[in-house]
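Predicted model only: the values in this text are computed from it and were never measured. We number each residue from 1, following the sequence as shown.
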Amino acid sequence: MKVRDHYDWIVLGAHPGALVSASLAARLGLSVLILPFGVPMATRRLQNGQIFDAESNFICGLVGDGSAPGLVQQCLGLSEWPSEWASVMQRGDKVRPQVLTPSSRLTLESNGRLQSELQRELGSAAGLQLGLEQALIDHEEDLVTFWNQLLNKLISKEVVLPGTQVPSHSLHRLLEELRKRIVTETKARQKVARSRSLNISWLSISEHAGRLVEGLGRDDFAEILGGLYSGLTSTAELNPKLFDLLMIFSLSRSGASFRGGVSAYRELLMSRGVELGAHFSPQAHCKRVFIEGNRFLGVQIAGAGNMIS
């Protein structure tokens, strides 16, 4: 592969989210370059045949509900690979993720069982006070539907290339429009989307997780929320918004573990991106990133002197 001097979209690293963006950009017809920073962590097969993956092995929005494909499957057309896709699931039903902390273990079960999980870890009173299960029952369908339709919303309008202004239909604006619509519809149905005794709303733009921790008087619940948020978003946020947490709960429960771990999943995404037209070479590692005035200018790869803009 001959590396060009300019690309519309440059992906740094081989995180699954980065590779998804590379595939989506290539699918839109943009020129894409994938540059890993180095050799990623590899999985190891133990003597008993079990696969040990050093990375978090849970992919949000991976599987469908039986009537429609999951978010990732829909966006990347993974259904075109029946042999690989057939081996994704570890068992017939969805494999739920777990939030592991030094003092807690919480499985993000489906409705009904999630409430029992919360009561097991936090106590019956605390589990009921949260109002999380009811919030998911009321709003999870809208939230998951939003993500399943997001790709079509973003590409249905003119593609904005790098260097231009952020489009009016940016993800942040679409998310806020979704939240306002759900709030309006909830009020119209005369439903009060608040927990029973903490007096908080999972749809509020100003409510944060700290209110839950303070109201429950349980410091270990802060560990659960922190582990959930960082584990599923790779972002260290100590006090996330309740609406963001509700969104993450909804998305995480529509996902699954990937057979072979994240390394196998990364290989699948990488091959899909290349198939869609993205440029990738295992030898083309990123050496330098050029920034000027808070603006990303380009990169330099190992063994080459010129900057790729």
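Using a 4.5 Å heavy-atom threshold, the side chains of Ser309 and Met307 count as touching. The closest side-chain heavy-atom distance from Pro240 to His208 is not below 4.5 Å. Here the side chains of Thr186 and His139 are in contact, with some heavy-atom distance below 4.5 Å. Between Leu118 and Leu132 there is a side-chain heavy-atom pair separated by less than 4.5 Å. Proximity of Val183 to Lys180: side-chain heavy atoms (C-beta onward) are nowhere separated by under 4.5 Å. Contact annotation: the side chain of Gln129 approaches that of Leu216 to within less than 4.5 Å [non-hydrogen atoms, C-beta and beyond]. Counting heavy atoms from C-beta outward, Leu297 and Ile291 have side chains that stay 4.5 Å or more apart. The shortest distance between side-chain heavy atoms of Pro16 and Tyr265 falls below 4.5 Å.
Here Thr107 contributes atom OG1 and Glu121 contributes atom CD; the two are 8.5 Å apart, rounded to the nearest 0.5 Å. We find the NE2-CZ distance between His15 and Arg266 to be 8.5 Å, quoted to the nearest 0.5 Å. Atom CD in Glu133 sits 8.5 Å away from atom CD in Gln119 (nearest 0.5 Å). With values rounded to the nearest 0.5 angstrom, Arg120 atom CZ is found 7.0 Å from Leu106 atom CG. For the atom pair CZ of Arg179 and CG of Asp244, the computed distance is 10.5 Å after rounding to the nearest 0.5 Å. Trp202 contributes atom CH2, which lies 14.0 Å from atom CD1 of Ile182 (distance to the nearest 0.5 angstrom).
Between His6 and Ile308 the shortest heavy-atom distance is N-CG2, 4.3 Å. The minimum heavy-atom distance between Leu242 and Ser201, with the atom names listed, is CD1-O, 3.7 Å. Scanning both residues, Ser250 and Val144, for their nearest heavy atoms gives O-CG2, 3.9 Å. Closest approach of Asn239 and Ala209 over heavy atoms only: OD1-N, 3.3 Å. In plain terms, the two heavy atoms of Ile34 and Phe280 that are nearest each other are O-CD1, 3.7 Å. Of all non-hydrogen atoms in Asp142 and Glu185, the two that sit nearest each other are OD2-OE1, 4.2 Å.
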Would you please test Leu178 and Leu143 for side chain to side chain contact (heavy atoms under 4.5 Å, CB included) and show each step? CA-CA 8 Å; Leu178 169 69; Leu143 298 177; 3.8 Å; yes
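Counting non-hydrogen atoms of other residues, nucleotides and ligands closer than 6.0 Å to CD of Glu176 gives a total above 12.
No cation-pi contact links Arg288 to Phe290, judged by a cut-off of 6.0 Å to the six-membered ring centre and 45° from its axis.
A chain of hydrophobic side-chain contacts below 4.5 Å, direct or via other Ile, Leu, Val, Met, Phe, Trp or Tyr residues, connects Leu245 to Leu175. Hydrophobic clustering of Ile, Leu, Val, Met, Phe, Trp and Tyr side chains at less than 4.5 Å, counting indirect connections, keeps Val20 apart from Leu276.
Panel note: side chain Ser23, backbone Leu19; a donor-acceptor pair is recorded below 3.5 Å.
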